[in-house]
Every structure is written in structure tokens, then in C-alpha cells.
Amino acid sequence: MANAKPMTCVVAEDETLLREALLTLLAEVWPELHVVAACDDGGAALEAIASFRPDVALLDIRMPGLSGLEVAAGAQEASPSTQVVFITAYDQYAIAAFDKGAVDYLLKPVARPRLQACRERIEARAAKGAAPDVALAALLQQLTLALPAVAKAPPLVWLTASSGKDTKLIMVDDIAYFQSDTKYTAVMTADGESLLRKPIRELLDTLDPAVFKQVHRSTIVNMKAVASVTRDDTGRGLLRLKTRPETLTVSQPFMALFRNM
């Protein structure tokens with residue numbers, strides 16, 4: 001494969017030190033691999049996969065917002081040729097499922113011999129022109145059941161946000177959506193806009209995941225506030241809200257998460 005085009009990769013790991021260590025090890029074990037994006041949350045990873053359509057995606061199973069399993073499910077539609085490798089600390093729960101061969105896996109901390117074996121397996125499948133296993137969807141469901149639940153605090157019920165010179169107490173049920181920029185996150189209710197000094201990725205860990213869905217890298221919507229969802233010709237979604245006049249865009253890779261809703 002000396003003359004083959006270098007393979008591309010998206011890496012998703014929310015812990016900075018582990019992500020940097022993995023990137024360093026990848027550069028040593030697989031110097032020809034071109035890492036096109038290194039992400040620290042699931043939403044960013046899914047959008048990177050949809051944008052770059054990489055040959056390989058290395059996905060931490062536990063991440064803020066979208067888990068690695070959810071990213072892999074979305075990637076099936078956004079980039080079906082991408083080979084998925086999960087990074088996990090839950091060997092006793094997951095290895096039996098992984099060893100059925102739908103995808104590969106790496107245990108934390110990632111060891112050089114295991115990464116080398118993973119590289120060889122990926123390159124062998126690529127050389128054969130083998131598409132990712134059609135059983136991936138079934139495997140994702142199996143892993144979701146097999147992996148232990150992470151103990152989390154009860155979902156956020158209320159929060160405080162700034163509105164001009166005032167600090168408002170806002171009930172979470174009254175929020176239509178959150179939208180972030182580089183410095184602030186806007187909290188949008190029927191009554192108007194307030195501002196939070198908290199990034200989207202931190203909010204996702206405090207909200208009820210059954211109610212609040214990430215629909216874009218910078219947007220979380222309260223599904224109880226959604227009146228309708230439509231898909232345009234480009235594959236993006238448009239959400240119409242019950243209590244606000246604007247529509248919200250669902251970026252194309254996130255539409256896969258709405259398939260069964």
C-alpha cells in the first residue's frame with residue numbers, strides 16, 4: 001500500500017490528556033494516518049465525520065452530549081464507509097460484543113501493541129474493499145444494554161441567567177432552546193433571551209437527555225417546545241417551535257438521531 005492515498009481519521013476523546021496521548025501514539029504507530037479532526041465532545045465528532053467523511057473514526061464511548069455509540073449511529077448515515085473504532089474502559093462488559101467483529105475497540109489506556117493490531121485490521125479491511133459491517137446497528141444496541149449506566153445527578157430543574165442588569169431564575173421546562181457562540185450561551189424562552197456563561201458541552205451533562213436534544217454543534221432544543229420537524233432537499237432539518245417565531249436548523253448529521261421520533 002506504499003502508493004495508496006493516506007487514510008484519514010477523526011478522533012473523539014473528551015479528556016484532554018488522554019486525547020493528546022492517543023494522538024501522540026497514533027503519530028508513532030501510524031505516521032501515514034492523517035488526523036483531520038480531534039474532538040472533545042460527541043456533537044463536534046459527528047459534525048466532523050459528516051464534513052470530512054474519514055476512513056476511520058476513533059470514538060470514546062463516554063463523552064458529553066452524544067456518546068460514542070450515538071455518534072457511530074449518526075455516522076452510519078453521514079459517512080457509511082467510515083470504519084468505527086471504540087475507545088472504552090469497560091472491557092468486562094463490551095469485549096464479547098466487540099469480538100463479534102462489527103467494529104474494533106481499544107481499551108484505556110491505549111497500549112502500543114493493541115493500537116498496532118487495530119491499524120493492521122483496519123488496513124486489511126480497506127485493502128479488501130470491505131464495507132463496515134451491516135450488523136453495526138445491532139451491535140450498537142447490544143453495547144447500549146451491556147455498558148453500565150454512569151451515575152449522574154438529577155437533571156437540572158432551574159438555572160439563573162443574565163438579562164441586561166438583572167439575574168433571572170428560569171425554570172428549565174420553560175426553555176425552548178439553548179444556542180451558544182464563542183463566549184456565551186443564549187437561553188431562549190417565550191419571554192425573550194438571557195445569557196449563561198456555560199458552554200454547550202457542560203449543559204448537556206446537566207439536562208434531561210430524554211427532553212433536551214442537541215440538533216447542531218451550537219444548539220440544544222427542548223423537544224417539548226417543538227411543533228414540527230421537516231427535512232429540506234439538502235438533508236438538513238427545520239424545527240418549528242410552539243412558543244417562538246424563529247425556526248431552528250438541525251444539521252444533517254444530527255437528523256439521524258430523529259429518525260425514530
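When reading the values below, keep in mind they use all heavy atoms of this one structure, side chains included, and skip hydrogens, waters and symmetry mates.
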| Is any side-chain heavy atom of F254 less than 4.5 Å from a side-chain heavy atom of Q214? | yes

| message | Quick one: does any side-chain atom of E70 pair with a main-chain N or O of S67 as donor and acceptor, under 3.5 Å? | response | yes

| message | For R240, give me all partners under salt bridge (charged side-chain N to carboxylate O under 4.0 Å, His left out), at least two apart in sequence or on another chain. | response | none

| said: Check whether K213 reaches the backbone of P209 with its side chain - one donor and one acceptor, N or O, closer than 3.5 Å. | reply: yes

| said: Ring of Y105, cation from R114 - is the NZ or CZ under 6.0 Å from the centre and inside 45° of the axis? | reply: yes

| message | Any non-hydrogen side-chain atom of R125 less than 4.5 Å from a side-chain atom of Q83? | response | yes

| field | Counterpart residues, salt bridge (charged side-chain N to carboxylate O under 4.0 Å, His left out), relative to D60 (two or more places apart) | value | K108

| So which heavy atom on S180 is nearest to which on T185, and how close? | CB-OG1, 3.5 Å

| query | T82 side chain to P54 main-chain N or O, any donor-acceptor pair under 3.5 Å? | reply | yes

| query | Other hydrophobic cluster members with L238, side-chain heavy atoms of Ile/Leu/Val/Met/Phe/Trp/Tyr under 4.5 Å, chained? | reply | none

| How about V71 and M63: do any of their side-chain heavy atoms sit closer than 4.5 Å? | yes

| Any side-chain heavy-atom pair from T88 and L106 closer than 4.5 angstrom? | no

Listing, residues 17-26 side-chain donor-acceptor contacts under 3.5 Å, not counting sequence neighbours, or none:
from	atom 1	to	atom 2	distance (Å)
R19	NH1	E13	O	2.7
T24	OG1	E20	O	3.0

| task | Compare all side-chain heavy atoms of D40 with those of T16 and state whether any distance is below 4.5 angstrom. | result | no

| message | Quick check: do D104 and C118 have side-chain heavy atoms less than 4.5 Å from each other? | response | yes

| task | Please tell me if the side chains of V85 and L59 come closer than 4.5 Å, counting only heavy atoms from C-beta onward. | result | no

| With a 4.0 Å cut-off, would you call E32 and R119 a salt bridge? | yes

Counting only pairs under 3.5 Å, give me each side-chain donor-acceptor contact of residues 165-177, with atom names and distances, residues two or more places apart or in other chains.
from	atom 1	to	atom 2	distance (Å)
Y177	OH	E246	OE2	2.5

| Between T219 and Q179, a side-chain donor and acceptor under 3.5 Å | yes

| Got a donor-acceptor contact below 3.5 angstrom from the R244 side chain to the T189 backbone? | yes

| query | Is the closest side-chain heavy-atom distance between F178 and M188 below 4.5 Å? | reply | no

| Under-4.0 Å salt bridge between R231 and E77 | yes

| request: Hey, could you give me each pair passing side-chain hydrogen bond (donor to acceptor under 3.5 Å, both in side chains) that has a residue in residues 42-56? Not counting sequence neighbours. | output: T8-D55, E47-S251

